2 protein chains.
Amino acid sequence: MSELNYCYKYPHPAVTADCVIFGFDGVSIKVLLIKRGIEPYKGKWAFPGGFMKIDETAEECAKRELAEETGLTNAIVEQFYTFTDVNRDPRERVVTIAHYALVRLAEVKGGDDAEVAQWFAQSQIPSLAFDHDRILRMALNCLKERICFEPIGFELLPEVFTMTELQNLYEAILEVKFDRRNFYNKMLKLGILTEAEPRPENASRRTPTKYRFNASKYAELKQKGFRLEF
Amino acid sequence: MSELNYCYKYPHPAVTADCVIFGFDGVSIKVLLIKRGIEPYKGKWAFPGGFMKIDETAEECAKRELAEETGLTNAIVEQFYTFTDVNRDPRERVVTIAHYALVRLAEVKGGDDAEVAQWFAQSQIPSLAFDHDRILRMALNCLKERICFEPIGFELLPEVFTMTELQNLYEAILEVKFDRRNFYNKMLKLGILTEAEPRPENASRRTPTKYRFNASKYAELKQKGFRLEF
DNA sequence: CTTTTTTGTGTAATTTTTACGCAATATTAA
DNA sequence: TTAATATTGCGTAAAAATTACACAAAAAAG
């Protein structure tokens, strides 16, 4: 018996936090989707998300969802838009505060259930439940804008990475191609990359230099306000 | 007797839409504030805003508030962040979807009551009710970012304006100074300005050229994706 | 064993940005 | 009334950034 114990003078919408979880496999951007097990939209894919508890913030809620779905606890989670269409959920009026999270694929342990949660390459994403198609579009746009101001890409790459991997990431997010040498020069000139380990003597031409994100240099740059132009 | 007629199985937060209303008087950015007449924070200044009705979107709610406070009905209103701190309102759990609006000061008829609503220059804004100080900081930041991608400034200026007025607006929002001649060149090269009227023959050097925003040129540019660098 | 791909390092040409100069004439101050 | 100051339009030379490529070594692929 569902008792209706929480009563208000005026109608209140329900509030949820949804989380678009982005990963990167070295070549393309992936998104983690959940197959819905219950109505509405049973059997359709959707973003992880759920009702915000009365004593948690939206970000805490999104992080909780993220932890439940991927086991990750310290990823970047950021709110990007709140969707308020009146009929976006057939059950009741639901306002959702949409977030995106950037996670390293390698650190994601299988998830709860491979049947239920699955990574999709951008090009293979099916039509989604609720207004999640629209949410995805906005999340991707947001990612594009954000990567020009903050090196969020480092959240998506492993600790140590090659310049080519970094370039692939930028190309995947921005959906453009860069000249390899120009990209290389621009990134190095920014000064936020450090060589992960001294290049071995015997390193051949084909062995790529490994880089690591230089957090302190980045913090310095960010304060001055920088912008990546592409 | 306040009857509690709206009941739910789980607690629901209240949802409000607040609206940071920006205006520009030719020299500096102004913000419209309301003096609160009731508790909590009675007597403190705050942004216009109110509870979202169950059959309106957040943006509709913000536009309704804007119309009530300024009489304007077709201004740009855009959501920029949702504030969800658990104790941001002492009465009950309230989530607010914050918007900003850009209005032409000249078109704002006095408002309801000069005693209650008042324009404040940025430097004279008092400490605000609730978490509105934080909301203002984020709104100003958002404005700074937005003006580099979209000529939102035109919403703040009169139909017809001089290059100096436009420069003042950019300087006020971005809090920097530009070289007058470089600003002039950069703006003209963008091609989104049209001379409002052919310069009269007898126009003296000191009579500034009047410009008007060229909407079609702008739409074209926007599609290609442009960015104002400053 | 030949061909293709990948990586590091440049560099010259072009474009963009920056920092000013100058003349004409309103406006303000004396 | 007159002198000083401020505002506007139009340039331009120097500096900086971006773009478009070249080349060689060696691993990987066929």
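Quick note: numbers below take in every heavy atom, side chains included, and nothing from hydrogens, waters or symmetry partners. Quick note on labels: first sequence line is chain A, next is B, and so on, each numbered from 1. Worth saying up front: this structure is predicted, and the values here are computed from it rather than measured.
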(message) Any side-chain N or O of A:Thr164 below 4.0 angstrom from OP1/OP2 of C:dT7?
(response) yes
(request) Take the C1' atoms of the five end pairs on each side of the helix from C:dC1-D:dG30 to C:dA30-D:dT1, derive the two axes, and give their angle rounded to 10 degrees. (result) 30°
(request) Check the distance between D:dC10's P and B:Met163's CE and give it to me in whole angstrom. (result) 10 Å
(request) Measure the distance from CZ on A:Arg180 to C1' on D:dC23 and round it to the nearest whole Å. (result) 11 Å
(request) Name the closest nucleotide to the A:Lys186 side chain, picking from C:dC20, C:dG10, D:dT19. (result) D:dT19
(request) Figure out the NZ/C1' separation between A:Lys177 and D:dA20, and round it to whole Å. (result) 18 Å
(request) Among the candidates D:dA22, C:dT17, D:dC10, find the nucleotide nearest to the side-chain atoms of B:Lys189. (result) C:dT17
(request) Starting at atom CE of A:Met187, determine the distance to atom P of C:dG8, rounded to an integer number of angstrom. (result) 15 Å
(message) For B:Asp179 and B:Thr162, find the nucleotide of DNA chain D closest to each by heavy atoms; which residue's nucleotide sits nearer the 5' end?
(response) B:Thr162
(request) Heavy atoms only: give me the nearest B:Ala117-B:Glu69 pair and the separation to one decimal. (result) CB-OE1, 4.5 Å
(request) Using side-chain contact (heavy atoms from CB on, under 4.5 Å) as the criterion, list what pairs up with A:Arg104, not counting sequence neighbours. (result) A:Glu107, A:Glu159
(request) Would you mind checking if A:Arg64 and A:Glu60 are paired as a salt bridge, meaning a charged N to carboxylate O distance below 4.0 Å? (result) no
(message) Rounded to whole Å, please give me the gap between CZ in A:Phe183 and P in D:dT19.
(response) 13 Å
(message) Looking only at the aromatic ring of each residue, does the gap between the centers of B:Phe154 and B:Phe161 stay below 6.0 angstrom?
(response) yes
(request) Would you indicate, yes or no, if D:dG9 has its OP1 or OP2 atom less than 4.0 angstrom from a side-chain nitrogen or oxygen of B:Thr209? (result) yes
(message) Does a side-chain N or O of A:Tyr184 approach OP1 or OP2 of C:dT9 to a distance below 4.0 Å, or not?
(response) yes
(request) Assess whether one donor atom and one acceptor atom, taken from the side chain of B:Arg206 and the base of C:dA26, lie less than 3.5 Å apart. (result) yes
(message) Please tell me whether B:Tyr170 and B:Phe178 form a close aromatic pair, meaning their ring centres lie under 6.0 Å apart.
(response) no
(request) Assess whether ring-ring contact (aromatic ring centres under 6.0 Å, His included) is satisfied between A:Phe24 and A:Phe22, documenting all intermediate values. (result) CA-CA 7 Å; A:Phe24 180 66; A:Phe22 289 114; over 10 Å; no
(message) From CD of B:Glu195 over to C1' of D:dT8, roughly how many Å is that when rounded to an integer?
(response) 13 Å
(message) Can you tell me if B:Thr207 touches the phosphate of C:dT25, counting only side-chain N or O atoms and a distance under 4.0 Å to OP1 or OP2?
(response) no
(message) In whole Å, I'd like the distance from the CG atom of A:Asn182 to the P atom of C:dT7.
(response) 16 Å
(message) Which residue in the set A:Asp18, A:Ile135, A:Val95 passes side chain to side chain contact (heavy atoms under 4.5 Å, CB included) when paired with A:Phe83?
(response) A:Ile135
(message) Could you tell me how far apart A:Arg181 (CZ) and D:dA24 (C1') are, to the nearest whole angstrom?
(response) 13 Å
